[in-house]
Amino acid sequence: MKNIVLFGPPGAGKGTQAEVLKEKYQLIHLSTGDMFRYNIKNETELGKLAKSYTSKGHLVPDSVTNDMLKAEVERHLKKNPNGFIFDGYPRTKAQAEVLGSFLEEKNTKVDAMVALEVDDEILVQRLLERGKTSGRPDDANEEVIRERIAEYYRKTDILKDYYMAEDKYYGVDGVGEIDAITARLSKVIDTL
Ligand code: AMP
């Protein structure tokens, strides 16, 4: 199995690239953001809880996020997948630890964290632009966008060190044409 953590701040292009890479490498794309949005749209209990955090640009608590993610991985493992692209997860050290031990229980592991590197001001512009068509309330408000980026630096950015210590960190320039960025990511994935 090939398990890749696709990493980067909000607006780095993780979702866009995951859609291309899942086809190219026949991997399961798991986005915790998409899972929360699905629950919010369907007004489930989980959705109501998640919305109270996502609407402010804050992270949903680890216990909730971890349980949701593990349930999805379990569901897909029954079908013997080639591997996973984790998009937007893990986002805290506690999540990274849970993911590591959970995958170990399943006799597999994270093979690499591939990070899309993009300047903060480009992120804000991209997210405001995306907000015009995405229908995502958290993309429509510059204050929430900036809070999401701040939350990334408070809680998530440190995961670079976490995976670097395991020799699994690969940084990739996330600015340019979509195809060019896919090529940069593929160059890393092909070595795994
Ligand atoms: P995303 O689509 O990845 O930008 O996620 C949208 C929102 O969902 C985030 O701003 C968080 O509020 C929440 N979220 C997504 N993934 C996670 C995660 N791994 N941990 C906590 N909250 C998350």
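Both backbone and side-chain heavy atoms feed into the values below; hydrogens, waters and symmetry mates do not. Only a predicted model underlies this, so the values are computations on that prediction, with no experimental measurement involved. Order of listing sets the numbers, starting from 1, for every ligand and every atom in it.
Note on residues 56-101: pairs passing ring pair (Phe, Tyr, Trp, His ring centres under 6.0 Å), not counting sequence neighbours, are Phe84-Phe86. A ring pair (Phe, Tyr, Trp, His ring centres under 6.0 Å) check over residues 125-171, counting only residues at least two apart or in different chains, returns the pairs Phe7-Tyr152.
Residues Lys160 and Asp157 are paired through a salt bridge, judged by an N-O separation under 4.0 Å between the basic side chain and the carboxylate.
The shortest distance between side-chain heavy atoms of Leu59 and Thr156 falls below 4.5 Å.
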Report all N/O contacts between ligand 1 and the protein shorter than 3.5 Å as a table of atom names and distances to 0.1 Å; if there are none, say 'none'.
residue, atom, partner, partner atom, Å
ligand 1, 2 (O), Arg37, NH1, 2.9
ligand 1, 2 (O), Arg37, NH2, 3.0
ligand 1, 2 (O), Arg136, NH1, 3.4
ligand 1, 2 (O), Arg136, NH2, 3.4
ligand 1, 3 (O), Arg91, NH1, 2.9
ligand 1, 3 (O), Arg91, NH2, 3.2
ligand 1, 4 (O), Arg91, NH2, 3.3
ligand 1, 4 (O), Arg136, NH2, 3.3
ligand 1, 12 (O), His58, O, 2.6
ligand 1, 16 (N), Thr32, OG1, 2.8
ligand 1, 16 (N), Gly88, O, 3.3
ligand 1, 16 (N), Arg91, NH1, 3.0
ligand 1, 19 (N), Gly88, O, 2.9
ligand 1, 19 (N), Gln95, OE1, 3.0
ligand 1, 20 (N), Gln95, NE2, 2.9
ligand 1, 22 (N), Val60, N, 3.0

Working for salt bridge (Lys or Arg N to Asp or Glu O under 4.0 Å), residues Glu129 and Arg126: CA-CA 5 Å; Glu129 197 54 40; Arg126 277 192 189 176; over 6 Å; no
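Residues passing the salt bridge (charged side-chain N to carboxylate O under 4.0 Å, His left out) test with Lys79, sequence neighbours excluded: none.
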